[in-house]
Amino acid sequence: MDLHLIEYIIKIADEGSITRAASQLYITQSGLNQQLLKLEKELGLPLFHRSKYELRPTQAGQIYIEHGRRILAQKREAYDRIRDIADNNAGSLRIGLTPERGTTMLINIYADFHRQFPGITIEPEEIHVKKQLSMLMQDYLDIGFVTLTEQDKLPGMEFVSMKTEPILLGIPRSHPLAARANAPYAPYAQIDLALFSKDPFILMFKGSTLRGVIDPLFESAGFCPNILFETASNRTLYTMVQKSIGCTLIPQTYAMEQEEIAYFKLPQNPIWELAIAYRKGHYLPKPAKAFIQLAKDYWN
């Protein structure tokens, strides 16, 4: 089988469009379409249901794509194993990173990694957790750095815990209840979330893993929050609290100790886990293992 052709067909399936797939593959739309038509003629069956808006794999297409993914994964594993035997400092490492903290981690450990493996190209993808897990399952990433709860852990994936992290309530220092907070850098005082039922909140976007942790907290506190603003940035969360725009729930890593924000722990002690994820059975070459160890050292 032509490995390039397998990649083409899988990309069409992932994008649901020849136009988008061709753009990402840096080939012409007509050229990609001809490749698909030629393969379908060879197989004697269409691989996609065609409609005005999208292409969906037929039963034959699903079989081709499933086996095609395996073939590409086996090719990559074979190359990785051979390079490990030969101590061949070449190739690439495809890494998923959560926005903000993932990039910060990469910046801090990259120099050490590059000294060990100067010929390895890091291919980082800064994407949210659910997309990372999907890309890992489809073998578009080698490893991912994710924040999640036990409920987010998918079967077929391996998760290596690096640390657990509390989720804190942050309120403006101008808030009347801020007087109950301890001084910056002291242990956090505890407070009931129900006391803030009338306050506006700035929260992470709906559907994020963080919302999966904090939404039940509002439910148990007996109120639906007045959400003033949703964002994909933890920095936006604490910056808006700094400006006395509202309150937030934020991971401790981002709970910047400063005069303008008072932080509290909650009685439920909400936490999530920072972990390394990879597909079960996926071979981790030496560079991947080294990168994982550097990440562990960074967080601990």
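Because the structure is a prediction, the values reported are computed rather than measured.
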Residue pair Phe159, Glu273: steps toward the side-chain contact (heavy atoms from CB on, under 4.5 Å) verdict
CA-CA 10 Å; Phe159 296 93; Glu273 183 180 3; 5.8 Å; no
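- Annotation: cation-pi pair Lys11/Tyr140 present, NZ/CZ under 6.0 Å from the ring centroid and within 45° of its normal.
- Annotation: cation-pi geometry not satisfied between Arg101 and Tyr254 (NZ/CZ under 6.0 angstrom from ring centroid, within 45° of ring axis).
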Report the C-alpha separation of Glu77 and Arg81 in whole Å, then their side-chain angles, then the decisive distance to 0.1 Å, and conclude whether the salt bridge (charged side-chain N to carboxylate O under 4.0 Å, His left out) test is met.
CA-CA 6 Å; Glu77 179 176 333; Arg81 287 180 180 273; 2.8 Å; yes
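- For the pairing with Phe291, the ring-ring contact (aromatic ring centres under 6.0 Å, His included) check across Tyr110, Phe113, Phe117, Tyr278 returns one residue only, Phe113.
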Please assess Asn33 against Gln29 for the test side-chain hydrogen bond (donor to acceptor under 3.5 Å, both in side chains), listing each intermediate value before the final yes or no.
CA-CA 6 Å; Asn33 190 50; Gln29 178 182 345; over 6 Å; no
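- Remark: Lys296 fails to qualify as a cation-pi partner of Tyr298 under the 6.0 Å distance and 45° angle criteria applied to the six-membered ring.
- Within the model, atoms CD1 of Ile18 and CD1 of Ile12 stand 5.0 Å from one another, a figure rounded to the nearest 0.5 Å.
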Evaluation steps, side-chain hydrogen bond (donor to acceptor under 3.5 Å, both in side chains), between Gln268 and Ser220:
CA-CA 9 Å; Gln268 298 93 332; Ser220 65; 3.2 Å; yes
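- Between Lys38 and Glu42, none of the side-chain N atoms (NZ, or NE/NH1/NH2) sits under 4.0 Å from a carboxylate O, so this pair counts as no salt bridge.
- For the residue pair Ser233/Glu100, the side-chain donor-acceptor check at 3.5 Å is satisfied.
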CA sep, side-chain torsions, deciding dist, call: Asp80, Lys286, salt bridge (charged side-chain N to carboxylate O under 4.0 Å, His left out):
CA-CA 9 Å; Asp80 284 341; Lys286 291 178 182 177; over 6 Å; no
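- Note on Leu168: it clusters hydrophobically with Ile227, by side-chain heavy-atom contacts below 4.5 Å among ILVMFWY residues.
- For the pair Phe223/Lys198, no side-chain contact is recorded, criterion being any heavy-atom separation below 4.5 Å from C-beta on.
- A donor-acceptor contact closer than 3.5 angstrom links the side chains of Thr149 and Gln151.
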